[in-house]
Amino acid sequence: MATKFWDKEAETMSRADIERRQLAGLKVAVARALQTPFYKPRLEGVGIKGPDDIKSLADLQRIPYTTKDDLRKAYPYGMVAVDRRDIVRLHASSGTTGTPTVIYLTQKDVARCADFMARSISATGADANDVFQNVVNYGLFTGGLVMHYGAERVGMLVIPSGTGNTSRQIKFMKDFGTTTVHATPSYLLHIHSKLAEEGVSPGDLKLKRAFCGAEPYTEDTRRKIEGLFGIEVFNSYGLSEMNGPGVAFECERRDGMHLWEDGYILEVIDRASLESVPDGELGELVLTILCREAMPILRYRTRDLTSVYPEPCPCGRTHRRIARITGRSDDMLIINGINVFPSQIEEVVMAMPEVGTNYLILVEKQGSLDKLTVKVEVGPGQFADDSRPLNALRERIRARLQALISINPHVELHEPGMLPVSEGKAKRVIDERAKL
Ligand code: AMP
Ligand code: ZN
């Protein structure tokens, strides 16, 4: 099959051209960063007072890393580099509450996101002949709007169906002849499990391909979805801090994701030494976004673990490929596509005076979806004949957790001393999904 390019010149440019673009982009990004209250002291502290202090790509190494915590510290406008009037949109990381990590876009930034997205979509073979159902959350999450704009840019007929209401999703797929879907792998499997109930078989659908991302999944899961629906599944990687989807995407070869290096500088570092690792070796992905006006982010530690493919891709694209994300270097859980930190759960649970000293977070598969259970020990003397106070407490914990993490958990209350206690470091999270 002939490869479809969206922007052949950009997608196949030589390494020297990519690096020339990166250097020019880095100078601009640094100049913008120097306009922000967050980066100005940081950059000046390492002797970078203007874009001319960046003489080669090696100068990137002088810039300190940026973390999610930094984004929270700079909240709300500490990393904004443009006049407030030039910002047209904001997005936030999924599931973050308390202080969210927010990113901002100008009109030009919105257009650029759509371009990178259009490149990614075209690399899968999709085009204006396709009917595209965008089965992800359309709120602050970038996966909805950013993917949507890119799909429109390509000319696909876009159904902004969002998540939930599975029987309506199936009806839309069938009635509109959806050929391409974007969904988390777990939700797509869930949709498959409901097809029979709706009297639909995969053969009744015109589905050809799916873009799956937002959460880690294995090669086996990809093959399972492909087999069940009779489609091709393309891995899609992005994070809100870097504009969401369209950072790295699989081409028709479905073997590693091209990371658009004229838009981002990629580094893979060793988690302990924080030094770069050679191509092919697993490490934490660090990204610098080169072409965002509203909010520069330099050397962002994504916490995602991956490696760079050493070989060029036979498709002809020169932008290097990264391997499937195998995990994270922090304790963030991704539950049905929503990011959750165990500390957020602890905050809610431990703020309740009725709660004792121990709790446990359990994540399991229920069908193809993830299920979150929070087990909590109550203080002494609370398990009495009248179960109403405990039921009310359970409901209070559930409701607060749901408000904070956007996931409805199953809450269990236990008598003091009933949950396992570990002698060393407390093991508060049990993720049964990994065992599948
Ligand atoms: P968010 O900022 O809410 O879009 O979440 C971004 C995070 O989702 C990333 O840092 C990854 O941990 C995860 N993620 C996104 N796409 C993928 C993917 N294709 N495979 C594995 N994890 C992913
Ligand atoms: Zn390729």
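As the structure lists them, so they are numbered: ligands from 1, and atoms in each ligand from 1. Note that the structure is a prediction, hence the values are computed from the model and not measured.
Interface atoms of ligand 1 facing Ser240, defined by a heavy-atom separation under 4.0 Å, are 1 (P), 2 (O), 4 (O). Within ligand 1, counting atoms from 1 as listed, the ones closer than 4.0 Å to a heavy atom of Arg328 are 10 (O), 12 (O). In summary, the atoms of ligand 1 found under 4.0 Å from a heavy atom of Ile334, numbered by their order in the structure, are 8 (O), 12 (O), 13 (C). Atoms of ligand 1 found under 4.0 Å from any heavy atom of Ser236, numbered from 1 in the order shown, are 16 (N), 17 (C), 18 (C), 19 (N). Close approach to Gly238 involves these atoms of ligand 1, each under 4.0 Å from a residue heavy atom: 6 (C), 9 (C), 15 (C), 16 (N). Here is the list of ligand 1 atoms found below 4.0 Å of a heavy atom in Phe141: 4 (O). Close contacts of ligand 1 with Glu241, meaning ligand atoms under 4.0 Å from a residue heavy atom, involve 2 (O). Below 4.0 Å from some heavy atom of Tyr237 lie the following atoms of ligand 1, by number and element: 16 (N), 17 (C), 19 (N).
Asn134 and His182 are linked by a side-chain donor-acceptor pair at a separation below 3.5 angstrom, with hydrogens and angles left out of the test.
The distance criterion of under 3.5 Å between nitrogen or oxygen atoms is not met by Tyr217 with respect to ligand 1. Residue Thr302 has no N or O atom closer than 3.5 Å to an N or O atom of ligand 1.
Under a 4.0 Å N-O distance rule, the pair Arg223/Glu226 does not qualify as a salt bridge. Using a cutoff of 4.0 Å between basic side-chain nitrogens and carboxylate oxygens, Asp262 and Arg21 are scored as salt-bridged. The pair Asp115-Arg112 fails the salt-bridge criterion, with no side-chain N (NZ, NE, NH1 or NH2) lying under 4.0 Å from an Asp/Glu carboxylate O.
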Could you pull out all donor-acceptor pairs under 3.5 Å where a side-chain atom in residues 209-219 meets a protein atom, sequence neighbours excluded?
from, atom 1, to, atom 2, distance (Å)
Arg209, NH1, Asp130, OD1, 3.2
Arg209, NH1, Asp130, OD2, 3.2
Arg209, NH1, Thr180, OG1, 3.0
Glu215, OE1, Ser186, OG, 3.3
Glu215, OE1, Gly337, N, 3.1
Glu215, OE2, Ser186, N, 3.1
Glu215, OE2, Ser186, OG, 2.7
Tyr217, OH, Cys212, O, 3.0
Tyr217, OH, Asn235, OD1, 3.1
Thr218, OG1, Asp220, N, 3.4
Thr218, OG1, Thr221, N, 3.1
Thr218, OG1, Thr221, OG1, 3.1
Glu219, OE1, Arg324, NE, 3.1
Glu219, OE1, Arg324, NH2, 3.1
Glu219, OE2, Arg222, NE, 2.7
Glu219, OE2, Arg222, NH2, 3.4

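Relative to the ring axis of Tyr149, Arg89 places its NZ or CZ within 45° and under 6.0 Å from the centre.
Taking a cut-off of 2.8 Å, the protein N, O or S atoms nearer than that to the Zn ion (ligand 2) are Cys251 SG, His258 NE2, Cys313 SG, Cys315 SG.
Using a distance-only test at 3.5 Å, with no hydrogens or angles considered, a donor-acceptor pair links the side chain of His91 to the main chain of Leu140. Although no hydrogens or angles enter the test, the distance criterion places no donor-acceptor pair under 3.5 Å between the side chain of Arg320 and the main chain of Cys313. Without hydrogens or angle criteria, Lys365 side chain to Arg433 main chain gives no donor-acceptor distance under 3.5 Å.
With a 4.0 Å cut-off on non-hydrogen atoms, Arg324 does not touch ligand 1 at all. At a heavy-atom cutoff of 4.0 Å, ligand 1 is contacted by the backbone of Glu215 but not by its side chain.
Within the structure, every pair that satisfies the salt bridge (Lys or Arg N to Asp or Glu O under 4.0 Å) test and touches residues 287-296, not counting sequence neighbours, is listed here: Lys108-Glu293. For residues 291-322, every residue pair satisfying the ring pair (Phe, Tyr, Trp, His ring centres under 6.0 Å) rule, not counting sequence neighbours, is listed here: Trp260-His319.
Of the candidates Ser93, Ala214, Gly213, Gly244, the one placing a heavy atom closest to atom 8 (O) of ligand 1 is Ala214. Scanning Leu239, Asp304, Asn137, Thr184 for the heavy atom closest to atom 10 (O) of ligand 1 points to Asp304.
For Arg303, the closest heavy-atom approach to ligand 1 does not fall below 4.0 Å.
Ile405 approaches Ile338 most closely through the heavy-atom pair O-CG2, 3.7 Å.
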Report task. Report the C-alpha distance between Phe132 and His148 in whole Å, list the side-chain angles of each, state the deciding distance to 0.1 Å, and finish with yes or no for ring-ring contact (aromatic ring centres under 6.0 Å, His included). Result -> CA-CA 9 Å; Phe132 177 63; His148 182 113; 8.3 Å; no

